[in-house]
Amino acid sequence: MRIVMLGTGYVGLVSGACFAEFGMEVVCVDKDAGKIARLQNGEIPIYEPGLDELVRKNSVRQTLSFTTDLAAAMHGAEAVFIAVGTPSRRGDGHADLTYVYDAAKDIAAHIKEYTVVVTKSTVPVGTGREVESIIGKLVPRDMFDVASNPEFLREGSAIGDFMRPDRVVIGTHSKRAEAILKSIYRPLYLIETPVVMCDLETAELAKYAANAFLATKITFINEIADLCEKTGADVQDVARAIGLDGRIGRKFLHAGPGFGGSCFPKDTLALMRTGQENNSPLRIVETVVDVNTKRKKQMAQRVIAACGNDVKGKTIAVLGVTFKPNTDDMRDAPSLDILPLLQQAGAKLRAYDPAGMKEAAAMLPDITWCKDAYDALTGSDAAVLITEWNEFRGLEAEKIAALLNHKILVDLRNVYKPEDMRDAGLQYTRIGESEMKSKPQNALAAIHNLGLVDDEADEEISLEKQAS
Ligand code: UGA
């Protein structure tokens with residue numbers, strides 16, 4: 001079966017390569033001639049583990065090809081997937097659907113035989129109906145159907161997510177379109193992947209609901225982390241304790257500097273707008289957006305506090321700048337909020353990221369980019385870990401301590417064992433760890449705040465401290 005993937009961004013390229021791997025004949029189309037020329041030469045424009053190999057292999061066996069010519073690509077194709085960008089619209093944060101509707105018009109101009117037009121881009125509920133109406137103005141109604149097939153892959157593990165998804169969601173009102181999509185996904189039926197068949201609107205909304213729910217889960221644990229810091233609890237253990245409850249689940253309970261990336265920030269905002277427009281406000285999602293936006297900025301203050309509330313003239317090593325590991329994507333990365341604030345407070349920055357430095361250099365000026373983590377640490381006063389790349393997990397605590405002038409390490413992803421870091425002489429702080437452990441001198445104040453001790457007990461602790 002021949003299918004067309006319109007748009008060669010993350011979703012389009014990964015989906016196209018994976019469908020080709022399933023044995024489909026896939027033609028990827030993009031208006032960007034330079035990008036298509038590079039793809040034809042085997043150059044992959046994004047960093048995604050395993051993608052280059054998949055593209056190369058399927059290009060060689062001719063199941064995957066790239067072109068700017070939509071008319072030629074659509075010749076004999078049974079389905080065309082729209083996988084163009086839906087960025088946040090300037091001003092109101094709603095999804096900008098210009099590219100989707102332009103794609104619908106382009107596709108309509110080339111429909112010569114029955115075609116299923118499938119939106120894979122994340123689009124607000126109602127978009128499929130609009131696509132249907134745009135195409136319906138140019139093409140007889142029995143020549144096409146519209147479906148929604150949202151994608152749930154994560155950057156950094158996109159191939160695995162596509163090949164072994166938790167589920168596939170297909171929304172359409174047409175039995176004919178349903179049959180074609182089922183045959184496209186046949187390899188996943190064979191591994192018993194659950195398939196949710198539903199209507200267009202449901203599929204569209206399910207995608208936003210999934211992302212908003214995950215973003216809410218992260219924001220929830222981030223706020224619990226803040227409370228842990230004030231009360232003597234540890235968020236790592238709280239997350240484990242609640243995550244083992246099957247109803248809650250352990251995934252996406254990792255406290256950190258706030259979610260970023262190309263999806264959660266944009267999609268929570270767009271869903272919030274959809275709720276407002278439909279007079280059905282999503283107050284939880286609105287709060288998530290607000291809490292997360294503020295949190296990313298608060299992270300800079302955390303670093304400044306760890307440095308004795310003064311970073312003027314100090315050099316800070318930055319480990320990781322991308323929004324998550326295994327990607328070079330800088331979109332809405334927490335580092336974009338944190339690092340300029342550190343610079344405004346007078347800090348000089350030495351940064352290293354395994355894949356994102358090229359992207360980041362254009363967005364983050366006046367940073368010394370280093371050749372590896374130890375290079376960034378050399379001669380710095382303090383360090384902050386922003387992205388949990390695997391190569392940072394293996395750094396030696398003693399070496400970090402030896403390289404840092406003031407031995408201050410702020411871990412915004414909780415990758416290290418606090419004992420290891422403190423035994424090496426580092427002043428180590430992480431997310432959601434009781435201040436009583438990270439800064440023993442704060443123990444008294446924190447216990448006092450909780451009202452757990454009376455003044456006498458307070459005195460006893462104070463005397464004990466003096467004795468030790
Ligand atoms: C997300 C969803 O996970 C995918 O299912 C979805 O298909 C995709 O958006 C999309 O809509 O296209 P992605 O943005 O690639 O995928 O990355 P995630 O792994 O979900 O991470 C998003 C952000 O949440 C990152 O900043 C990450 O650091 C943060 N995060 C994630 C946490 O802070 N804690 C966690 O426990 C998990």
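Counting starts at 1 for both ligands and their atoms, in listed order. All residue numbers refer to positions in the sequence shown, counting from 1.
- Note on ligand 1: Cys263 sits in its first shell, one or more heavy atoms being nearer than 4.0 Å.
- For Lys348 and Asp366, the salt-bridge test fails: no basic side-chain N is under 4.0 Å from an acidic carboxylate O.
- Taking atom 16 (O) of ligand 1 as the reference point, the nearest protein heavy-atom neighbour is Arg154 CG, 3.6 Å.
- Counting heavy atoms closer than 4.0 Å to ligand 1, residue Arg413 contributes side-chain atoms (C-beta onward) but none from N, CA, C or O.
- With a 4.0 Å cut-off on non-hydrogen atoms, Tyr10 does not touch ligand 1 at all.
- Residue Leu153 touches ligand 1 through its backbone alone, judged by heavy-atom distances below 4.0 Å.
- Without hydrogens or angle criteria, Ser133 side chain to Arg129 main chain gives no donor-acceptor distance under 3.5 Å.
- Relative orientation of the Phe264 and Phe259 rings is perpendicular, given thresholds of 30° and 60° on the angle between their planes.
- Using a 4.0 Å cut-off between heavy atoms, Leu253 contacts ligand 1 through its backbone alone, with no side-chain atom that close.
- With Thr172 contributing its side chain and Ser174 its backbone, the two residues share a donor-acceptor pair below 3.5 Å.
- Looking at Asp332 and Lys266, no side-chain N of the basic residue comes within less than 4.0 Å of a carboxylate O on the acidic one, giving no salt bridge.
- At least one heavy atom of Lys207 sits closer than 4.0 Å to an atom of ligand 1.
- When the heavy-atom distances from atom 20 (O) of ligand 1 to Phe323, Phe152, Phe252 are ranked, the shortest goes to Phe252.
- Of all atoms in ligand 1, listed by their number and element, those nearer than 4.0 Å to a heavy atom of Gly260 are 22 (C), 23 (C), 25 (C), 26 (O).
- Both the backbone and the side chain of Glu155 come within 4.0 Å of ligand 1, counting heavy atoms alone.
- With a 4.0 Å heavy-atom cut-off, ligand 1 is reached by the backbone of Glu151 but not by any atom from C-beta on.
- Taking the charged nitrogens against the carboxylate oxygens, Glu43 and Lys35 have no contact shorter than 4.0 Å, which rules out a salt bridge.
- The nearest heavy-atom contact from the protein to atom 31 (C) of ligand 1 is Ile218 CD1, 3.4 Å.
- In this structure, Thr119 contributes its side chain and Gly128 its backbone to no donor-acceptor pair below 3.5 Å.
- With salt bridges taken as basic N to acidic carboxylate O contacts below 4.0 Å, one links Arg295 and Asp226.
- Those atoms of ligand 1 that come under 4.0 Å of a heavy atom in Asn211, given as number and element, are 2 (C), 6 (C), 9 (O), 10 (C), 11 (O).
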